**Q** 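Got a structure for you, written out below as structure tokens; questions coming shortly.
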Amino acid sequence: MSPEPSLLSHKRSRNTLLTGIKTIVEKWGRSVLDFIFPLRCPGCNKKGTWFCDDCLAKLTFLETFPCAVCGKEAIKGITHPRCQTKYTLDRLISIYQYEGPIKKAIAWLKYKDVTGLAKILANLMVEEVRELGIEFGSKTIIIPVPLHWKRAWDRGFNQAELLARPFGKSLGLEVRDDLLRRTRHTEPQIRLKHDQRQKNVSGAFAVPDSKRNEVKNKDFLLVDDVCTTGATLDACANALKRAGARYVWALTLAGD
Ligand SMILES: [Zn+2]
Ligand SMILES: [Zn+2]
């Protein structure tokens, strides 16, 4: 049965409107926001820079990486063989301790569309990935961890994507935001106890049927701003692997 013609045209005009607004925001909104919210260091509020040297020097690198499944220390962030199943995340790397200036920067990223700051943070990620000697295959596809459409619409952007785009550009890797969807709204992980987090996000992500061919046998890197337990990233990996993905790694700017 085909939908009522009026419903169709309503849908179409709504989509056109959405695209129109998005284009305007992309073209003008960011420069307007950058004007309202000028260059300022998230660590100390000093004006004229997105990160002052003092605050940059204060950032703490994570020395150890957790296993995405059990949360215990894992060498180079590679999921323990005993924790690994057909559908788990293969490797998880978080760069900075989630505290101080980085924590503030991430808060800014979530509530203000500060693309200039996102670019700086993405460059820090690139530098650190190089420093750690991590190499991605040239065909690796970067996926920003998706927000539920409603939250993305409320916020107007996805902070994971703000990081993933310049990160991918620097490394010459493709970034795709259409291969993975958040299928239901979930409670923010931070409000939940450790054992509730896995349950909260289990099955919350899916590869659209029309995209499964583009996922099969490919390698992926999930990018997000912060990782608390790895449960969200593991749930993303689960969806990608069920659609036939080969390797799924994850990289976050900060972690606990
Ligand atoms: Zn500062
Ligand atoms: Zn483990």
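Because only heavy atoms are used, hydrogens play no part in the values below, and waters and symmetry mates are left out as well, while side chains stay in. A quick note: this is a predicted structure, and the numbers were derived from the prediction, not measured. Note that ligands are numbered from 1 as they come in the structure, with each ligand's atoms numbered from 1 the same way.
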**Q** Which protein N, O or S atoms does the Zn ion (ligand 2) have within a distance shorter than 2.8 Å?
**A** Cys67 SG, Cys70 SG, His80 ND1, Cys83 SG
**Q** For the metal site, I want the angle between atom SG of Cys44 and atom SG of Cys52 with the Zn ion (ligand 1) at the apex, to 10°.
**A** 110°
**Q** Would you name the heavy atoms of Cys236 and Leu222 that are closest together and state the gap between them?
**A** CB-CD1, 3.7 Å
**Q** More than 12 non-hydrogen atoms from neighbouring residues, nucleotides or ligands closer than 6.0 Å to CD on Gln198, yes or no?
**A** no
**Q** Check the pair Asp225, Lys110 against salt bridge (charged side-chain N to carboxylate O under 4.0 Å, His left out), reporting the backbone distance first and the verdict last.
**A** CA-CA 9 Å; Asp225 52 354; Lys110 271 187 184 145; 3.5 Å; yes
**Q** Are the side chain of Arg91 and the backbone N or O of Lys76 linked by a donor-acceptor pair below 3.5 Å?
**A** yes
**Q** What is the ring orientation for Phe61 with Tyr96, classed by angle as parallel under 30°, tilted 30 to 60°, or perpendicular over 60°?
**A** parallel
**Q** Between Asp90 and Lys241, does any NZ, NE, NH1 or NH2 come within less than 4.0 Å of an OD or OE carboxylate oxygen?
**A** yes
